[in-house]
Amino acid sequence: MTTSLSNHGTVVVASRSANAEQAVQVLAEGLSHADLGGVIFFCSAEYDLERLSAALVHAFPAVPVSGCTTAGEITPEGYDRGSIVAIGFDHRVFAMETSLVNDLDRFALSDAQPLVDDLIERCRRRALAPVNEHSFALTLLDGLSSREEQVLATLDAALGRIPSFGGSAGDDNHLANTHVYANGRFHSRAAVVVMINTCLPFEVFSTHHLLPLSHKLVVTEADRERRRVMELNALPAASVYADLVGVSLDALVPEVFARHPLAVQLGGQHFVRSIQRVNDDGSLNFYCAVENGIVLTAMQPAPLLDDLNRMLDGVTARLGPPSLMIGCDCFLRRMELEAVDHLEQASALLRRSRVVGFNTYGEQHHGMHVNQTFTGVALGTLPALDG
């Protein structure tokens, strides 16, 4: 099955073929045109990535291609699995420039500033629109690198006023191998930064449906590098969390983590720190940074569909009907929707607003790494392009 949509400088094509070459052939047939200036894709980690990479190089030899593996895809039909979805950008409407960060462990401001300056200069040469006012950055990071916070804070400082969003690559919930794609191949422990300059109006957004409770947990022993918490309130972390949510230790599974997240409060806002897994020693691994002394607030979910609908309606009211939205949606949100059999209702909302994207192992918004959010960019239209 393939699906496609096109409007205002973008074309979207998706394929559910499990064969890498056949899937890329579908993409090439739908995306290729004389004014194609770049491609961004999101794909299931179940593909043979070497074959997929070779097929992409063959299909798009003269066009920059970027992407990542996922924990689920969002196609023009809504939520999907085992597929690949790609967006083609018309160079007459979008200037798209890409850089690869291939050493996350040593990435510093001295690396970020020249990287961003180079992206800005390459976009500026295209002269589509003033770069600082009409550009945004998409960041795709290895979702198991544990380096998102440091890399994103550094990039955000270099980007200045240019808004950014993105997602951490997934691997269909195996938590084993996640990859980003640039320069003709897949990479691990790496990041891709895509600068997009456009004459279209746009809005970078982020939302979540979680509300704070009164319960507070203090991290009293943690391994920051491994994002592991050994103690909460000076007691074994997993036992404290299990007591908080009212289940046994054996019942601590991802579905429970999705329904009962924790968050850190910064500047009056709550930023979710989702639990990844329980370890044999009773410690908890998180998807985001944790460290000694931070206070975690217990959160409870409000109706997810209501929040998603409000956010989409709000963007439409401010921007007009979107020509396309690129969404980075936490895989734990999808898991919650599946648990209450609301996946199709959510897919209908995403279809209505022309959302494509992927389920992530973490979301990125203005230099912050967060969990259990829906983050992305909405692209508007220009009257001169109508029809």
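This one's a predicted model, so the numbers in the text were calculated from it and none came from an experiment.
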In plain terms, say whether [X] and [Y] are close enough for a salt bridge, that is, a side-chain N and a carboxylate O under 4.0 Å apart.
| X | Y | answer |
| --- | --- | --- |
| Arg51 | Glu21 | yes |
| Arg92 | Asp35 | yes |
| Arg351 | Glu344 | yes |
| Arg106 | Asp103 | yes |
| Glu255 | Arg334 | no |
| Glu73 | Arg16 | no |

How many angstroms lie between atom [atom1] of [X] and atom [atom2] of [Y], to the nearest 0.5 angstrom?
| X | Y | atom1 | atom2 | answer |
| --- | --- | --- | --- | --- |
| Ser44 | Leu52 | OG | CG | 10.0 Å |
| Leu262 | Gln372 | CG | CD | 9.5 Å |
| Met368 | Phe271 | CE | CZ | 4.5 Å |
| Asn173 | Phe331 | CG | CZ | 5.0 Å |
| Leu235 | Leu217 | CG | CG | 10.5 Å |
| Arg227 | Leu144 | CZ | CG | 9.5 Å |

If you measure only the distance, is there a donor-acceptor pair under 3.5 Å linking the side chains of [X] and [Y]?
| X | Y | answer |
| --- | --- | --- |
| His369 | Glu149 | yes |
| Arg352 | Asn309 | yes |
| Asp307 | Thr207 | yes |

Check the pair Thr198 / Val93 against side chain to side chain contact (heavy atoms under 4.5 Å, CB included), numbers first and verdict last.
-> CA-CA 6 Å; Thr198 180; Val93 184; 3.9 Å; yes
Is the side chain of [X] donor-acceptor paired with the backbone N or O of [Y] at a distance under 3.5 Å, no angle test?
| X | Y | result |
| --- | --- | --- |
| Ser353 | Val355 | no |
| Asn19 | Gln22 | yes |
| His187 | Arg185 | yes |
| Ser283 | Asn279 | no |
| Ser347 | Tyr79 | yes |
| Arg224 | Glu291 | no |
| Thr297 | Lys216 | no |
| Arg354 | Ser323 | yes |
| Asp90 | Gly9 | no |
| Thr70 | Ala169 | no |

Check: residues 118-138 side-chain donor-acceptor pairs under 3.5 Å, at least two apart:
unit_1 : atom_1 : unit_2 : atom_2 : d
Asp118 : OD2    : Arg122 : NH1    : 2.6
Arg122 : NE     : Glu97  : OE1    : 3.1
Arg122 : NH2    : Glu97  : OE1    : 3.0
Arg122 : NH2    : Thr98  : O      : 3.1
Arg126 : NH2    : His91  : O      : 2.5
Ser135 : OG     : Val131 : O      : 2.6
Ser135 : OG     : Asn197 : ND2    : 3.0

Between [X] and [Y], which heavy-atom pair has the shortest distance, and what is it?
| X | Y | answer |
| --- | --- | --- |
| Thr360 | Cys328 | CG2-CB, 3.7 Å |
| Leu332 | Ala258 | O-CB, 3.7 Å |
| Ser164 | Leu159 | CB-CD1, 3.8 Å |
| Ala157 | Leu109 | CB-CD1, 4.2 Å |
| Cys288 | Arg273 | CB-CD, 3.1 Å |
| Leu56 | Tyr181 | CB-OH, 3.7 Å |

List the steps and the verdict of side chain to side chain contact (heavy atoms under 4.5 Å, CB included) for Thr373 and Cys330.
-> CA-CA 6 Å; Thr373 71; Cys330 184; 5.7 Å; no
Suppose we screen for side chain to side chain donor-acceptor pair (under 3.5 Å). Which residues come up paired with [X], at least two apart in sequence or across chains?
| X | answer |
| --- | --- |
| Asp341 | none |
| Glu29 | Gln25 |
| His174 | Glu46 |

To which residues is Val272 joined in a hydrophobic cluster, defined by side-chain heavy-atom contacts under 4.5 Å among Ile, Leu, Val, Met, Phe, Trp and Tyr, whether direct or through other members?
->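 Its cluster mates, by chain and number, are Leu210, Met299.
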Report the residue from Asp142, Leu141, Thr139 that forms a side chain to side chain contact (heavy atoms under 4.5 Å, CB included) with Val151.
->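 For Val151, the side chain to side chain contact (heavy atoms under 4.5 Å, CB included) check succeeds only for Leu141.
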Counting C-beta onward and ignoring hydrogens, is there a side-chain heavy-atom pair between [X] and [Y] closer than 4.5 Å?
| X | Y | answer |
| --- | --- | --- |
| Met195 | Ile162 | yes |
| Ile275 | Asn285 | no |
| Phe89 | Val39 | no |
| His8 | Leu379 | no |
| His179 | Cys68 | no |
| Asn292 | Thr220 | no |
| Ser188 | Asn177 | no |

Side chains of residues 238-252: which donor-acceptor partners sit under 3.5 Å, not counting sequence neighbours?
unit_1 : atom_1 : unit_2 : atom_2 : d
Tyr241 : OH     : His260 : O      : 2.6
Ser248 : OG     : Ala251 : N      : 3.4

Please work out whether the ring planes of Tyr287 and Tyr361 are parallel, tilted or perpendicular, with thresholds of 30° and 60°.
->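 Taking Tyr361 first and then Tyr287, their aromatic rings sit tilted (interplane angle of 30° to 60°).
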With under 30° as parallel and over 60° as perpendicular, where do the rings of Phe205 and Phe374 fit, or are they tilted in between?
->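 The arrangement is tilted - the two ring planes meet at 30° to 60°.
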Take Arg318 and Asp313, measure what salt bridge (charged side-chain N to carboxylate O under 4.0 Å, His left out) needs, and give me the verdict at the end.
-> CA-CA 9 Å; Arg318 293 186 295 273; Asp313 284 348; over 6 Å; no
Do Val85 and Val12 pass the side chain to side chain contact (heavy atoms under 4.5 Å, CB included) test, and can you show the C-alpha distance, the side-chain angles, and the key distance before you say yes or no?
-> CA-CA 7 Å; Val85 59; Val12 178; 3.8 Å; yes
I would like to know whether Ile196 and Ile40 meet side chain to side chain contact (heavy atoms under 4.5 Å, CB included); could you show each step before the answer?
-> CA-CA 11 Å; Ile196 297 178; Ile40 296 174; 4.2 Å; yes
Residue Gln265 excluded, over 12 heavy atoms near CD under 6.0 Å |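 More than 12 heavy atoms, drawn from other residues, nucleotides or ligands, come within 6.0 Å of this atom.
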